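Worksheet for the structure shown next.
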Amino acid sequence: MMHNQEPDRREFLSAASALAAGASLAGPEPRPNRGPEILIRRPHPAVVASHNAFPHCTEAAMKAILAGKPVVDAVVEGVTLVENDPEDHSVGLGGIPNEEGVVELDASVMDGASGLSGAVASIRNIKNPASVALRVLRYTDHCLLVGEGALRFAKAHGFKEEELLTDDAREIWLYWKGNLSSSDKWFAKDLDQLPAGAKKWLTTTGTVNCCGVDRNGQLAGTTTTSGLAFKIPGRVGDSPIVGAGLYVDNDAGAAGSTGRGEANIISCGSLIVVEAMRRGAHPTDACKEAAERIVRLTKAKHLLDARGRPTFNVNFYAVDKQGRTGGFAIKRKDTYAVFDEKGNRQVPLDSVFAD
Ligand code: ASP
């Protein structure tokens, strides 16, 4: 597969400093005449993320990287905006709850520079699990805290407990609950009585993944989610599982994922992406390899449609040490978010199956 040529780094570095100074990446500044220049072959900063990270999460992450913050802090700063957004029902405040109407969140962070990871799973009442995961990485000798223990740890670090089920998310859950069975006593409202935009969340879930690299080639990533809608309480998806919903290796690249977590856990998707980048694959080709692996590994009848294709989707996103970005999905033409030397933008996501 052919991919774009590397951009002129001198041009990017001047544009990147313009952004750091508050300007946009619309175009390069004129270069002062300083005689023959040495072209420094450094990676350029880049951020890659799931579609719901566009534009604010990717912008915040890039700004933080350009301001010199550690990449792991930068990506967590970015996804915090999405976690705090009650309109995004895939994560944090306003996340779609489990089958009992309780919001349970999963998140992980991985830092290439230190080679450490941190994660929380099935945490309740804390709207920023990615920040808690970062505390696990920095202030414990562990990789993953779950449930009650994760909540206690978060509270010890000053995170405030709050109700994460918003009125809109509650309406969506009640609609699902009321249609679950004709032999219970729950009735649902009519579909057209649901809040505007609520309908899509009955069939779509989601997650925010954001990975980045700075100009020194330091890589990091984070994935945060409310998981599959109406899941069984205690269910943990791929997002807090290192190697599945997120993987970072400072020598190769960073990758993350959204979509059906169970399939991604079974295939170790993000690890597959990073290992392909280590062999020199472009991030898009690396993501394609992981998506194809899930297709190959999906054999159970209840997960296959009449054409023998997976009934679900998984998307991968990746950035390598040189700052090249890419993404690939199993199905469904979608977009992902990229902020690099060309600016903050949405990019079409290719897929294994076109229809
Ligand atoms: N990957 C998430 C999970 O399985 C859900 C999603 O991204 O839609 O928990």
Side-chain angles (χ1 to χ4, degrees), residues 48-54 57 79 82-83 85 87-92 94-99 102-110 119-124 129-130 133 144 146-147 150 164 169 172-173 176 200-211 221-247 255-273 287 290-291 293-294 297-298 300 302-303 310-318 327-332 334-337 349 351:
V48 65
S50 49
H51 73 97
N52 49 349
F54 181 83
C57 164
V79 299
V82 193
E83 289 176 336
D85 178 2
E87 308 274 302
D88 189 319
H89 295 300
S90 70
V91 61
I96 299 290
N98 66 21
E99 66 179 15
V102 179
V103 179
E104 287 181 334
L105 305 175
D106 297 339
S108 62
V109 296
M110 202 162 174
V120 290
S122 266
I123 188 170
R124 298 180 174 192
L144 174 61
V146 306
L164 302 180
I172 295 163
W173 170 69
W176 172 82
K200 81 166 187 177
W201 295 100
L202 291 165
T203 49
T204 313
T205 47
T207 293
V208 189
N209 164 251
C210 183
C211 293
T222 180
T223 305
T224 173
T225 188
S226 51
L228 289 187
F230 323 123
K231 60 194 175 187
I232 296 174
R235 177 263 186 191
V236 173
D238 57 326
S239 305
I241 307 296
V242 161
L246 180 70
Y247 199 70
S257 175
T258 60
R260 182 180 155 81
E262 283 72 7
N264 204 20
I265 291 172
I266 288 164
S267 66
C268 302
S270 293
L271 176 68
I272 297 297
V273 177
C287 290
R293 180 173 296 234
I294 291 182
L297 292 176
T298 303
H302 72 282
L303 295 172
T311 50
F312 56 85
N313 193 31
V314 178
N315 295 339
F316 289 100
Y317 322 96
F328 216 84
I330 292 179
K331 59 206 280 190
R332 193 176 62 194
D334 210 343
T335 60
Y336 64 107
L349 198 54
S351 51

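The structure presented is a predicted model; accordingly, all values stated were derived computationally and were not measured. Counting starts at 1 for both ligands and their atoms, in listed order.
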Identify, by atom number and element, the atoms of ligand 1 in contact range of [X], meaning under 4.0 Å from any of its heavy atoms.
X: T258; value: 7 (O)
X: G227; value: 9 (O)
X: G237; value: 9 (O)

Consider side-chain contact (heavy atoms from CB on, under 4.5 Å). Of V91, T207, L105, which one does T224 pass it with?
V91

Would you indicate which of S257, G259, S90 comes nearest to atom 1 (N) of ligand 1 when only heavy atoms are counted?
G259

Which is closest to atom 3 (C) of ligand 1 by heavy-atom distance: T223, D238, T225?
D238

Within-shell test, G206 vs ligand 1, heavy atom, strictly < 4.0 Å
yes

Measure up the F230 and W176 rings against each other and bin them: parallel (under 30°), tilted (30 to 60°), perpendicular (over 60°).
parallel

Residue, atom name and distance, where the atom is the protein heavy atom closest to atom 6 (C) of ligand 1:
T207 OG1, 3.1 Å

Within the distance-only criterion (no hydrogens, no angle test), does the side chain of D106 pair as donor or acceptor with the backbone N or O of S122 below 3.5 angstrom?
yes

With side-chain contact (heavy atoms from CB on, under 4.5 Å) as the test, would you mind laying out the steps for T205 and S90 before giving the verdict?
CA-CA 6 Å; T205 47; S90 70; 5.9 Å; no

Which atom of S226 lies closest to which atom of K231, heavy atoms considered:
O-NZ, 2.9 Å

Pairing of R235 and E262 as salt bridge, 4.0 angstrom limit
yes

Under 4.0 Å, heavy atoms only, figure out whether ligand 1 is touched by the backbone of R235, its side chain, both or neither.
side chain

